[in-house]
Structure formats: C-alpha cells, structure tokens
Amino acid sequence: MSRPDERRFPGSVFGVGSEPDARFSLANERTFLAWIRTALALVAGGVALETLGLDLQPGLRLAASIVLIVAGTALPLIAWAGWGHVERALRSGSPLPSTIVGVVLAVVVSVVGVLVLLGVLLR
C-alpha cells in the first residue's frame with residue numbers, strides 16, 4: 001500500500017521531508033491564491049484597457065493591454081513554482097527561499113504605467 005504522501009500532487013513537493021505545521025502550509029497556499037487573484041486582475045485590467053477604448057495613443061494602449069494579459073497569464077506559473085519552493089523548504093526544515101514574484105509584478109506595473117503615461121501624452 002502506498003504512503004499518503006505518494007498520492008498527493010505534486011509528488012516532487014509532497015515527497016520531500018516531513019509534514020510541516022499545517023498553519024505554515026496553509027499560509028503558503030493563501031499566498032499562492034492571492035497571486036492567482038492578482039493574475040486574474042491583471043488579465044481583467046488588460047482586457048478592460050483595450051475594450052474601453054480610452055483616449056490614449058492606440059499602439060501604446062494595445063501594448064499596455066498585452067503586457068497586462070501576458071503578465072496575468074505568466075504569474076500563476078511563477079506563483080506555482082514559488083509555492084513549491086516554499087513548501088519543499090517547509091517540509092525539509094530549510095530556510096525559506098526568496099521569491100521573484102513581487103519583482104516581476106513591480107516591473108510589469110511600472111512598464112504598464114509608463115506605456116499609459118506615454119499614451120496620454122502622445123494622443
């Protein structure tokens with residue numbers, strides 16, 4: 001008969017170390033879900049920016065929309081990897097790893113802000 005951890009997905013995470021305090025695992029999961037909500041907001045913002053047809057330079061408005069939609073599509077994948085790294089660290093008793101999710105999001109928001117600002121100035 002298989003161990004309970006062998007039936008959990010992903011095995012590369014749950015097959016490592018021992019079961020950590022549930023509070024820490026659940027906090028890690030809540031953080032992951034917060035990034036998923038953020039990704040959904042990025043996609044919705046990108047769609048809204050283009051659909052509403054704001055009085056911005058059209059090429060820059062489209063570029064900003066594409067950046068938001070691409071970031072909203074990529075963010076769950078980055079967040080999933082971050083969740084796995086943290087969960088493995090919790091299970092093995094290692095120091096928690098750093099994450100690039102916040103940096104990626106900061107860059108995306110900055111790029112979109114610059115594109116929208118230029119779109120307003122160059123209309």
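All residue numbers refer to positions in the sequence shown, counting from 1. Only a predicted model underlies this, so the values are computations on that prediction, with no experimental measurement involved.
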Point to revise | Closest contact, heavy atoms only, Ile69 versus Thr73 | key: O-OG1, 2.8 Å
Practice item. Give a yes or no on whether Ile66 and Leu68 share a hydrophobic cluster (residues Ile, Leu, Val, Met, Phe, Trp, Tyr; joining criterion: side-chain heavy atoms under 4.5 Å apart). Key: no
Point to revise | Verify same cluster id: Leu49, Val43 (apolar side-chain graph, 4.5 Å) | key: no
Point to revise | Closest non-hydrogen atom pair, Pro76 against Ile36 | key: CB-CD1, 3.6 Å
Check your understanding: Would Arg88 and Ser12 satisfy side-chain contact (heavy atoms from CB on, under 4.5 Å), going step by step from the backbone distance to the final call?
Key -> CA-CA 8 Å; Arg88 277 190 296 277; Ser12 62; 4.0 Å; yes
Review point. Is the shortest heavy-atom distance from the side chain of Asn28 to the side chain of Trp83 under 4.5 Å?
Key: yes
Practice item. Group every Ile, Leu, Val, Met, Phe, Trp and Tyr by side-chain heavy-atom contacts under 4.5 Å, then state whether Leu90 and Trp35 land in the same group. Key: no
Revision key, fill the gap. d(Arg37 CZ, Leu75 CG) to nearest 0.5 Å is 12.0 Å
**Study point:** side-chain contact (heavy atoms from CB on, under 4.5 Å) involving Leu40 - partner list, sequence neighbours excluded
**Key:** none
Check your understanding: Which heavy atom in Arg23 sits nearest to a heavy atom in Arg30, and how many Å separate them?
Key -> O-NH2, 4.4 Å
Review point. Who are the side-chain contact (heavy atoms from CB on, under 4.5 Å) partners of Pro58, not counting sequence neighbours?
Key: Arg61
Exercise for review: Could you state whether Leu52 and Leu60 fall into the same hydrophobic cluster, counting links through intermediate Ile, Leu, Val, Met, Phe, Trp or Tyr residues with side-chain heavy atoms under 4.5 angstrom apart?
Suggested key: yes
Could you tabulate the donor-acceptor pairs under 3.5 Å formed by side-chain atoms of residues 93-120, not counting sequence neighbours?
| from | atom 1 | to | atom 2 | distance (Å) |
| --- | --- | --- | --- | --- |
| Ser94 | OG | Ser92 | OG | 2.8 |
| Thr99 | OG1 | Val101 | N | 3.2 |
| Ser110 | OG | Ala106 | O | 2.9 |

Review point. Are Val13 and Phe32 joined in one hydrophobic group, where the rule is that I, L, V, M, F, W and Y side chains link up if heavy atoms are under 4.5 Å apart?
Key: yes
Check your understanding: Is there a side-chain contact between Glu87 and Pro20 (heavy atoms, below 4.5 Å)?
Key -> yes
**Study point:** Side chain to side chain, Phe14 and Phe9, heavy atoms closer than 4.5 Å
**Key:** no
